[in-house]
Amino acid sequence: MSEPTFATLVSRWYSEHARDLPWRRPGVTPWAILVSEVMLQQTPVVRVVPAWEAWLARWPTPAALADDTPAEAIRMWGRLGYPRRAVRLRDCAVAIVERHAGAVPDRLDQLLALPGVGTYTARAVAAFAYGQRHPVVDTNVRRVVCRAIAGEPDAGPATRPADLVATEELLPVEPAAAALASAAFMELGAVLCVARSPRCDRCPVASVCAWRAAGSPPATGPSRRPQQYAGTDRQVRGLLLGVLRETTGPVPRHRLDQVWADDVQRSRALAGLVTDGLVEPVGEASFRLVGDGGPAAPAPALL
DNA sequence: CACCCGTGGAC
DNA sequence: TGTCCAAGGGT
């Protein structure tokens, strides 16, 4: 009789206490899982749930989304934040149709090649949609492994190859069990082993946690400086996009001028939205969400 | 690697 | 009230 492994302890806890999130239910398609993963990039679960349901009701397949405009994707994205993700998700749908006949690929390298799909999302889809054995490392998993295994209060700012290796070593050999363990690690980090005031009293691995054993030392160095928002280009972009989102078709520049007083910053923000494929100019003095109201008119400059 | 990219809730 | 943080990705 050997002691249960770390993954076994967390997986048992997960089996009993996992939240009933819609993308975890039986029969959910790989596309639906991919959509959930993209929406969950830096956006809390509670805000994703209704957006995910509305999105999939409208675009149940990659082909359906690929046939619609970026403008509609941006509108459906609502206020999830980082609306470039909406455009990339549609680009991703187009790529899936073109490269994979409309089916979400199951190979890691093919997933990684899709727009908006990085190290985390590719592995999450391969594991959760296709049951493959890959370490799935997000901010939650990094925190759990960093604390429980390394005994340190917090992980670094970005996922490193070493994080993947450390997590892989914790996974069971059997692929389905490994995928379950990855979901369990994430859940533990999201629900109990949270950044501020972790709930160690309910933790299934508290007795083997290296961080607890070390006396739960607090984080020392300046981790990452808080990201500013008020007064930044991001706030201005958000204001501009808010106007464009609520209007169908072109919006005269004078209406956009009202959202922010600083001409230089406002122009820079608008140009950024154009560069990022969210907004396009219409004629001399109007802008719209990309593709809003049909294909763009021929560029007059080309004659 | 550093920085940029939205939004809203909790403390 | 300001700060911190949330299933990252692209450049």
Side-chain angles (χ1 to χ4, degrees), chain A residues 14 18-19 21-24 32-52 74 77-89 91-92 111-129 134-144 154-161 163-164 167 179 182-191 193-198 218-219 222-242 244-245 259 265 268-269 271-279:
Chain A
Y14 178 79
R19 293 168 293 176
L21 303 178
W23 44 85
R24 289 176 174 167
I33 290 174
L34 173 56
V35 171
S36 79
E37 296 300 343
V38 173
M39 287 185 168
L40 286 162
Q41 294 168 2
Q42 302 288 283
T43 301
V45 165
V46 288
R47 265 191 282 160
V48 166
V49 171
W52 180 82
I74 294 166
W77 197 255
R79 303 186 68 79
L80 290 180
Y82 293 142
R84 291 193 295 191
R85 289 182 293 165
V87 176
R88 292 211 185 99
L89 185 51
D91 290 342
C92 179
L111 287 163
L112 271 171
L114 297 171
V117 176
T119 304
Y120 162 76
T121 303
R123 291 166 175 279
V125 171
F128 302 145
H134 300 290
V136 182
V137 181
D138 71 336
T139 185
N140 290 311
V141 175
R142 285 192 300 119
R143 186 171 53 248
V144 167
D154 244 321
T159 300
R160 300 169 170 287
D163 297 322
L164 293 180
T167 303
S182 289
F185 294 161
M186 291 176 62
E187 186 79 350
L188 186 67
V191 175
C193 195
V194 293
R196 289 178 296 191
S197 52
S223 54
R224 66 165 185 264
R225 55 181 168 287
Q227 59 175 357
Q228 291 265 88
Y229 182 66
T232 63
D233 285 6
R234 287 154 76 185
Q235 181 183 14
V236 182
R237 286 167 61 114
L239 292 170
L240 291 169
L241 209 58
L244 291 156
R245 219 168 16 218
V259 307
Q265 188 175 24
R268 184 173 64 231
L273 290 171
V274 173
T275 298
D276 289 346
L278 292 157
V279 173

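Hydrogens, waters and symmetry mates play no part in the numbers below; they use all other heavy atoms, side chains included. Proteins come first, then strands; the chains are lettered A, B, ... in the order of their sequence lines, and each starts at number 1.
- Residues satisfying the salt bridge (charged side-chain N to carboxylate O under 4.0 Å, His left out) criterion with A:Arg245, sequence neighbours excluded, are absent altogether.
- Looking at which nucleotide of DNA chain C each of A:Gly116 and A:Met186 is closest to, the 5′-most match is held by A:Met186.
- Residue A:Tyr229 places at least one side-chain N or O closer than 4.0 Å to OP1 or OP2 of B:dT7.
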Which donor-acceptor pairs under 3.5 Å do side chains of residues 121-128 of chain A form with protein atoms, sequence neighbours excluded?
residue	atom	partner	partner atom	Å
A:Thr121	OG1	A:Gln41	NE2	2.9
A:Arg123	NH1	A:Pro135	O	3.3

Distances under 3.5 Å only, N/O to N/O: pair up the protein atoms with those of nucleotides 8-11 of chain B.
residue	atom	partner	partner atom	Å
B:dG8	OP1	A:Arg79	NE	2.5
B:dG8	OP2	A:Arg79	NH2	3.3

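- Partners of A:Arg47 under the side chain to side chain contact (heavy atoms under 4.5 Å, CB included) rule, at least two apart in sequence or in another chain, are A:Thr43, A:Pro44, A:Leu80.
- Partners of A:Asp91 by side-chain hydrogen bond (donor to acceptor under 3.5 Å, both in side chains), not counting sequence neighbours: none found.
- Distance noted for atom C1' between C:dT11 and B:dT7: 23 Å (whole Å).
- In this structure, the side chain to side chain contact (heavy atoms under 4.5 Å, CB included) partners of A:Arg268, at least two apart in sequence or on a different chain, are A:Asp233, A:Val264, A:Gln265.
- Near DNA chain C, meaning a heavy atom under 4.0 Å from it, residues 32-40 of chain A has A:Glu37, A:Leu40 in order of number.
- Here A:Arg88 pairs with nothing under the salt bridge (charged side-chain N to carboxylate O under 4.0 Å, His left out) rule; sequence neighbours left out.
- Residues satisfying the side chain to side chain contact (heavy atoms under 4.5 Å, CB included) criterion with A:Val194, sequence neighbours excluded, are absent altogether.
- Within the 4.0 angstrom heavy-atom criterion, base atoms lie near A:Gln227.
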